[in-house]
*Asks:* 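Structure provided below as structure tokens; questions to follow.
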2 protein chains.
Amino acid sequence: MPRHPRIPDAGVTRLSLYLRELSRLEGEGASFVSSAELARALTLTSAQVRRDLSYFGQFGTSGRGYEIRRLKRIIPRILGLEGRMWRVALVGSGNLGSALLAYRGFRERGFVIKAVFDKDPRKVGRVVAGQRVEEAGWLADVVRGRRIQIGIIAVPAVAAQEVCRRLVRGGVRAILNFAPVSLAAPPHVKLRNVDLSVELESLSYYLSSLNANR
Amino acid sequence: MPRHPRIPDAGVTRLSLYLRELSRLEGEGASFVSSAELARALTLTSAQVRRDLSYFGQFGTSGRGYEIRRLKRIIPRILGLEGRMWRVALVGSGNLGSALLAYRGFRERGFVIKAVFDKDPRKVGRVVAGQRVEEAGWLADVVRGRRIQIGIIAVPAVAAQEVCRRLVRGGVRAILNFAPVSLAAPPHVKLRNVDLSVELESLSYYLSSLNANR
DNA sequence: GCCAGGTTGTGAATTTTTTCACAAACTTAC
DNA sequence: GTAAGTTTGTGAAAAAATTCACAACCTGGC
């Protein structure tokens with residue numbers, strides 16, 4: 001197991017982006033890439049790319065850049081994606097939940113959905129993207145029984161906190177929350193939020209300051 | 001039009017969160033809130049809350065905190081949400097696109113979907129959540145004609161860059177991208193990316209460093 | 001009016017993150 | 001083998017964001 005240095009949260013995010021970009025480059029037949037190229041593709045600076053990678057070791061070759069194949073082996077190792085599958089529970093099989101279920105990239109990135117829950121009896125039992133929707137009542141027990149590590153919350157805002165509590169009770173240590181509420185969870189549980197309104201509102205801020213500031 | 005100070009990007013995001021939390025508090029019958037309470041609810045520090053707000057003025061009362069009604073008027077003004085609707089085009093009516101269309105919070109937050117596009121002829125003409133899906137061929141012209149300001153990209157990765165180009169050609173100045181690619185756009189166009197894989201991978205990093213570090 | 005209690009707004013200090021800038025290292029061409 | 005041309009990795013500097021800490025202020029009670 002690698003001993004990770006302290007890297008900015010945004011840095012971890014960028015590692016994912018590097019990985020994605022590397023696949024694209026490989027698809028184009030490239031075998032080396034410089035920090036400058038990578039930076040250009042992702043609108044970063046080359047120093048930033050080099051710094052991010054240097055937290056974990058020395059992977060480049062002066063005068064050549066980074067070997068794509070090598071980086072594509074190393075970054076998943078850093079991100080904890082190597083030689084394992086993370087077991088995920090999806091809670092909520094509405095529009096968003098179904099969209100997430102249908103997402104193909106899931107599995108190839110190292111995540112397997114091991115359970116899908118819904119509270120609505122009419123949805124329970126249905127099969128969505130190969131997964132049978134289960135009764136949310138036993139959530140915590142099922143999550144524990146199947147040794148699920150990550151929970152995805154795709155339920156309405158009012159239900160989200162309760163779902164969060166149950167996921168935590170089931171032993172989950174990381175949660176990706178799509179509900180537009182701010183959840184409370186114990187400190188050992190890592191929470192990430194994805195919120196459409198927040199994103200749109202930040203675009204709004206940007207657009208309206210275009211007119212305001214000069 | 002307010003002249004905005006330079007506030008960290010993350011600060012803008014937090015303003016949205018404050019707004020959401022204020023609605024919740026108001027629903028509970030509160031009329032004042034202190035920076036400490038707001039911070040607790042959102043896992044921030046009280047200094048951060050005060051700092052974020054102080055970029056735009058002095059809204060609090062010593063000894064009392066912030067008047068909720070007042071903040072709920074002021075934050076939308078800061079975010080450029082007051083007395084206007086932003087006109088949005090959604091491109092891609094697949095699973096994710098449909099989920100976005102169904103999202104009710106949209107309109108009440110000040111965003112109206114004025115067009116939905118899809119390339120697939122089988123989807124064109126269908127009505128999803130009250131919106132007729134239109135042929136993506138004329139995207140740029142329609143976007144310009146309807147004076148659309150914001151584009152949401154919910155198409156597969158391979159198609160995203162082309163959609164982006166057309167949105168920009170149609171005059172859009174802000175884009176919310178859900179496709180897992182890094183898009184190139186001119187500097188006057190504000191891009192925000194929402195990427196499921198990136199989020200999950202950062203959870204993976206966190207989870208695996210739990211075991212590694214100590 | 002005065003005091004006790006509570007909270008803001010913000011300089012200053014601190015911490016975090018990014019960028020600069022360059023020696024060292026590697027490659028390619030001849 | 002050498003020279004010219006690239007590109008890395010990283011100290012050091014700079015910039016950005018957060019946190020500290022406290023004077024000033026407001027409220028409510030008496």
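In what follows, every heavy atom counts, from backbone to side chain, and hydrogens, waters and symmetry copies are set aside. Protein chains get the first letters and strands the later ones, always in sequence-line order, with residue 1 at the start of each.
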*Asks:* Distance only, no hydrogens: is a donor on one side chain within 3.5 Å (strictly under) of an acceptor on the other, for B:Arg50 and B:Ser46?
*Replies:*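 Checked: B:Arg50/B:Ser46 side chains pair up, N/O donor to acceptor below 3.5 Å.
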*Asks:* Write down the distance between CG (B:Leu42) and P (D:dT18), rounded to a whole number of angstrom.
*Replies:* 14 Å
*Asks:* Is there a side-chain contact between B:Leu53 and B:Leu71 in this structure, where contact means two heavy atoms from C-beta onward sitting under 4.5 Å apart?
*Replies:*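 Answer yes - side chains close enough.
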*Asks:* Output the rounded distance in Å from CZ (B:Phe56) to P (C:dT8).
*Replies:*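 Atom CZ in B:Phe56 sits about 18 Å away from atom P in C:dT8.
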*Asks:* Nearest whole Å is fine: how far is C:dT19 C1' from A:Asp52 CG?
*Replies:* 13 Å
*Asks:* Tell me: CD of A:Glu67 to C1' of D:dT7, nearest whole Å?
*Replies:*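 In whole Å, D:dT7 C1' lies 16 Å from A:Glu67 CD.
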*Asks:* Can you give one letter per nucleotide of nucleotides 19-30 of chain D, going 5' to 3': B for a protein heavy atom under 4.0 Å from the base, S for sugar-phosphate only, - for none?
*Replies:* B-B---BBS---
*Asks:* Does a side-chain N or O of A:Ser35 approach OP1 or OP2 of D:dT8 to a distance below 4.0 Å, or not?
*Replies:* yes
*Asks:* Whole-Å distance between D:dT7 P and A:Glu37 CD?
*Replies:*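 That distance rounds to 8 Å.
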*Asks:* Side chains of B:Arg192 and A:Ser202: donor-acceptor distance under 3.5 Å anywhere?
*Replies:* yes
*Asks:* Calculate the interatomic distance between A:Leu53 atom CG and D:dT10 atom C1'; express it in whole Å.
*Replies:*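 A:Leu53 atom CG is separated from D:dT10 atom C1' by 13 Å.
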*Asks:* With respect to the phosphate group of C:dG6, does any side-chain polar atom (N or O) of B:Tyr66 fall under 4.0 Å of OP1 or OP2?
*Replies:* no
*Asks:* Which part of the nucleic acid, if any, lies within reach of A:Ser46 when heavy atoms closer than 4.0 Å are counted: base, sugar-phosphate only, or nothing?
*Replies:* nothing
*Asks:* Locate the shortest heavy-atom distance separating A:Ala115 from A:Arg146; write the atom from each residue and the value.
*Replies:*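 Heavy atoms only, the tightest pair is CB-NH1, 3.4 Å.
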*Asks:* Is a donor from one side chain sitting under 3.5 angstrom from an acceptor on the other, for A:Asn95 and B:Tyr103?
*Replies:*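 No, because no side-chain N or O of A:Asn95 sits under 3.5 Å from a partner of the opposite role on B:Tyr103.
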*Asks:* Can you see if the side chain of B:Gln58 gets near the phosphate of C:dT10 - specifically, an N or O under 4.0 Å from OP1 or OP2?
*Replies:* yes
*Asks:* Judged by each residue's nearest nucleotide on DNA chain C, which is more toward the 5′ side, A:Gly11 or B:Phe59?
*Replies:* B:Phe59
*Asks:* Between C:dT15 atom P and A:Ile7 atom CD1, what is the distance in whole Å?
*Replies:*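 Whole-Å distance recorded here is 21 Å.
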*Asks:* Testing the 3.5 Å rule here: is there a donor-acceptor pair between the side chains of B:Arg69 and B:Ser31?
*Replies:*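 Side chains of B:Arg69 and B:Ser31: no pair found under 3.5 Å.
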*Asks:* Do B:Val181 and B:Gln161 come close enough that some side-chain heavy atom pair is under 4.5 Å?
*Replies:* no
*Asks:* Calculate the interatomic distance between B:Ile68 atom CD1 and C:dT7 atom P; express it in whole Å.
*Replies:*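 To the nearest whole Å, that distance equals 14 Å.
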